[in-house]
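A short worksheet on the structure shown next.
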Amino acid sequence: MSAVLNISSYLFVTLRDTHALREHLHAEALSRGLKGTVLIAEEGINLFLAGPAEAVRDWVAVLQADARFAKLEPKESWSDAVPFKKLLVKVKGEIIRMNHPTIRPDAVGDEGRAPAVDPAVLRQWLSQGHDNEGRPVVTLDTRNAFEVDYGTFEGAIDWRIDKFSEFPEAVQAHKAEFAGKTVVSFCTGGIRCEKAALYMQEAGIEHVYQLEGGILKYFELTDGAHWQGDCFVFDDREALAANLAVGTGVSRRA
């Protein structure tokens with residue numbers, strides 16, 4: 001097995017002590033020699049870290065000892081080298097920028113989340129061409145255009161957005177196209193489709209789901225069927241294949 005454990009995770013949870021939390025988590029990661037990026041905002045946390053497995057898991061245990069982060073579930077993958085050059089722990093306005101302040105997953109809690117579909121269920125829907133109620137299923141890629149170019153689901157809708165803050169406007173322009181269909185929003189690890197699905201519900205789209213855990217969880221829990229290409233990741237590995245090994249790193253539009 002490769003020597004370096006890579007984790008990615010996020011959690012929407014209201015945080016009032018962002019700067020103190022930043023200092024604490026930075027010190028804990030630094031003392032363990034970890035590298036990567038941790039973003040903290042009033043709406044939650046988003047993280048990508050790498051290092052020796054024991055050190056990474058110790059840091060996660062420290063984080064989860066705080067009751068606010070007990071539900072955080074990191075996704076794991078392995079590499080031969082640390083794919084980050086340094087450690088960054090930052091306080092931001094949003095952990096994923098949408099510029100739409102009414103969309104606050106941390107404020108609605110688990111019961112207020114948009115419905116989520118398990119990766120295995122999505123695989124089944126895509127294989128049969130419809131959901132369990134017989135509605136046609138469409139997948140909506142909420143990532144930026146350059147990420148989509150590395151790989152996406154077969155037939156996925158791609159609005160060629162350059163940044164996530166453009167997503168709400170794209171929804172308003174295209175929402176009529178989803179009438180009578182089930183739409184599943186997806187992204188790398190789940191954070192963007194969490195906000196995307198809530199926004200689509202707010203926009204009046206009736207049958208909306210988010211892919212639980214995003215593309216990386218789909219890779220982890222299925223055989224990768226219905227996926228074409230790799231999945232772009234924001235570290236030195238550049239892209240991962242459906243078996244979570246380092247991909248070709250080649251954009252299909254290069």
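Keep in mind the model is a prediction, meaning the values are calculated, not measured. Here, residue 1 is the first one in the sequence, and each next residue gets the next number.
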K85: salt bridge (charged side-chain N to carboxylate O under 4.0 Å, His left out) partners, not counting sequence neighbours: D236
Salt bridge (charged side-chain N to carboxylate O under 4.0 Å, His left out) partners of D17, counting only residues at least two apart: R68
Answer yes or no: is there a side-chain heavy-atom contact under 4.5 Å between S185 and L211? no
Please list all pairs passing the salt bridge (Lys or Arg N to Asp or Glu O under 4.0 Å) test where one or both residues lie in residues 213-224, with sequence neighbours left out. R123-D223, K217-E220
Tell me every residue that passes salt bridge (charged side-chain N to carboxylate O under 4.0 Å, His left out) with E166, counting only those two or more places apart in sequence or in another chain. none
Set of side-chain contact (heavy atoms from CB on, under 4.5 Å) partners for E169, sequence neighbours left out: none
With sequence neighbours excluded, give me every salt bridge (Lys or Arg N to Asp or Glu O under 4.0 Å) pair touching residues 198-212. R113-E212
Partners passing salt bridge (charged side-chain N to carboxylate O under 4.0 Å, His left out) against E133 (at least two apart in sequence or in another chain): R135
Between E42 and K92, does at least one N-O distance fall below 4.0 Å, as a salt bridge requires? no
By side-chain contact (heavy atoms from CB on, under 4.5 Å) - contacts of D141 (at least two apart): R143, V148, T152, F186
Tell me the salt bridge (Lys or Arg N to Asp or Glu O under 4.0 Å) pairs involving residues 54-65, sequence neighbours left out? R57-E76
Members sharing L88's hydrophobic cluster (side chains within less than 4.5 Å): none
Identify, with sequence neighbours excluded, every residue that meets side-chain contact (heavy atoms from CB on, under 4.5 Å) alongside F232. F146, E147, Y150, F234, E238
Residues forming a side-chain contact (heavy atoms from CB on, under 4.5 Å) with H26, sequence neighbours excluded: R22, L30, L87, V89
